[in-house]
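Notes for the one structure printed next.
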Protein chains: 2
Amino acid sequence: MVEHMHIAGSRLDHVFHALADPTRRAMLQSLASGERTVSELAEPFTMSLAGASKHIKALEAAGLVTRDIRGRQHLCRLQPGRLAEAHEWLSFYERFWTERLDALDALLRLPEPDNQRPPVPPSEPKGDDT
Amino acid sequence: MVEHMHIAGSRLDHVFHALADPTRRAMLQSLASGERTVSELAEPFTMSLAGASKHIKALEAAGLVTRDIRGRQHLCRLQPGRLAEAHEWLSFYERFWTERLDALDALLRLPEPDNQRPPVPPSEPKGDDT
DNA sequence: CGAATACTCAACCACATGGTTGAACATATG
DNA sequence: CATATGTTCAACCATGTGGTTGAGTATTCG
């Protein structure tokens, strides 16, 4: 498997790319408390409406936002599914940072001088994916 | 607060940007099963070594990978902290998709025709951030 | 109808990105 | 020492990105 999960590939590309921009993250945050029109989403920023519209299109392309055209205004709403996918993707690595915390915890609990290795923490955390 | 969390901003920019590339995600996956030299990380891909080196630099800039120069080869290892931050950031929206699942679940459990609303799930989940 | 509003589209710009190549650097090794 | 190996660096190129502006399309309103 190319990716460690069933996820199609370019989907995550778009989601993470959309998330990599602070303007778009702020828009998501705004959408987290309810539907917003394009103007409402654009209002907090100094950029032009067309500029904000592009950001919203990026969020749409990533599947993070859907649009409901209601009259002359476009209602945008959060679509959490893809966010959940990204979260799930990151969860794969969760064992990694919890393992590291466990190792640190264990190290702190036994202060024996014999156990003093150079600061090169666990290098092979069980290769279970090859 | 600009972001809904204490996270500095440009940090997440770099992390999500690093994650938006399939080559870099594959590199992280490789690093998840142990340390890798630059050549080892580059080997699965068709690109030049210099190209792969740039990707690794992007991962380093995002704080996802650290480098341990050992002789003439550079040992890279996963640094899960920033991944944990991104995961935590996404967790903010977790309530959002679980709410939606809860609503769907509730809808499926009571098949009363009076309760048949259009498929427009919760739009105002308590704005607690402004 | 005509005009204001909400928004998109297309063209354009400066700059970042992902990729290449060839040269340079540092370290092993014969 | 000379040479091979592992890696980076700098220059370059094509394309993508975030932003602008100005015009165009619907829709509502007087």
Side-chain angles (χ1 to χ4, degrees), chain A residues 2-3 9-31 34-77 123, chain B residues 2-3 9-31 34-78:
Chain A
V2 179
E3 297 276 348
S10 61
R11 290 243 291 253
L12 273 185
D13 290 19
H14 289 130
V15 171
F16 282 132
H17 172 254
L19 259 33
D21 187 286
T23 299
R24 291 193 288 260
R25 286 201 304 275
M27 285 177 167
L28 288 182
Q29 183 181 339
S30 173
L31 287 170
E35 297 174 336
R36 297 277 184 265
T37 70
V38 169
S39 308
E40 286 170 344
L41 281 176
E43 185 267 335
F45 309 103
T46 65
M47 78 184 69
S48 67
L49 230 196
S53 177
K54 280 197 190 179
H55 280 295
I56 297 173
K57 279 192 71 177
L59 292 169
E60 259 187 308
L64 298 177
V65 160
T66 54
R67 183 186 303 245
D68 189 13
I69 301 181
R70 192 186 158 99
R72 64 181 160 181
Q73 52 194 11
H74 298 198
L75 258 297
C76 299
R77 99 167 49 104
S123 44
Chain B
V2 179
E3 297 276 348
S10 60
R11 290 244 290 253
L12 273 185
D13 290 18
H14 289 130
V15 171
F16 281 132
H17 172 254
L19 259 32
D21 186 286
T23 298
R24 292 192 288 260
R25 288 200 305 276
M27 284 176 166
L28 288 182
Q29 183 181 341
S30 173
L31 287 171
E35 297 175 337
R36 297 275 184 265
T37 70
V38 171
S39 309
E40 285 170 345
L41 280 176
E43 185 266 335
F45 309 103
T46 66
M47 78 184 70
S48 66
L49 231 194
S53 177
K54 279 198 190 177
H55 280 295
I56 296 173
K57 279 193 70 176
L59 291 169
E60 257 186 311
L64 298 177
V65 160
T66 55
R67 183 187 305 245
D68 189 13
I69 301 180
R70 194 185 156 97
R72 64 182 160 182
Q73 52 195 10
H74 298 199
L75 259 297
C76 299
R77 96 167 52 103
L78 228 188

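Residue numbering restarts at 1 for every chain, and letters A, B, ... go by the order of the sequence lines.
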Residues forming a side chain to side chain contact (heavy atoms under 4.5 Å, CB included) with B/T66, sequence neighbours excluded: B/R77, B/Q79

Give A/T23 one of three labels, base, sugar-phosphate or nothing, depending on what nucleic acid heavy atoms sit under 4.0 Å from its own. nothing

Separation of B/L49 atom CG from D/dT5 atom C1', in whole Å? 11 Å

Donor-acceptor pairs under 3.5 angstrom involving side-chain atoms of residues 46-57 of chain A: please list them, not counting sequence neighbours.
unit_1 : atom_1 : unit_2 : atom_2 : d
A/S48  : OG     : A/G51  : N      : 3.1
A/H55  : ND1    : A/R24  : NH1    : 3.2

Is the shortest side-chain N/O distance from A/S48 to OP1 or OP2 of D/dT20 below 4.0 Å? yes

Atom-to-atom span, CG of A/D68 to P of C/dA6 - whole angstrom: 17 Å

Protein-nucleotide distance (B/H74, atom NE2; D/dT5, atom P), rounded to Å: 17 Å

Letter per nucleotide, 5' to 3', of nucleotides 22-30 of chain D [B base touched, S only sugar-phosphate touched, - untouched; heavy atoms, 4.0 Å]: -----BS--

Once salt bridge (Lys or Arg N to Asp or Glu O under 4.0 Å) is applied, do any residues pair with A/E60, and if so which ones, sequence neighbours excluded? A/R67

Round to the nearest Å and state the distance from B/K57 atom NZ to C/dG18 atom P. 13 Å

Answer yes or no: is there a side-chain heavy-atom contact under 4.5 Å between A/L64 and A/H14? no

Sort and list the pairs that fulfil salt bridge (charged side-chain N to carboxylate O under 4.0 Å, His left out) and have at least one residue in residues 41-52 of chain A, not counting sequence neighbours. none

Under 4.0 Å between any heavy atoms, over every strand shown, what does A/S53 touch: base, sugar-phosphate, or nothing? Just pick one. sugar-phosphate

Closest of C/dG19, C/dT21, C/dA11 to the A/K54 side chain is C/dA11

Whole-Å gap separating P (C/dG18) and CG (B/D21): 6 Å

May I have the distance from B/F16 (atom CZ) to C/dA16 (atom P), rounded to whole angstrom? 22 Å

Is A/L75 close to A/T37 at the side-chain level, that is, under 4.5 Å between some pair of heavy atoms? yes

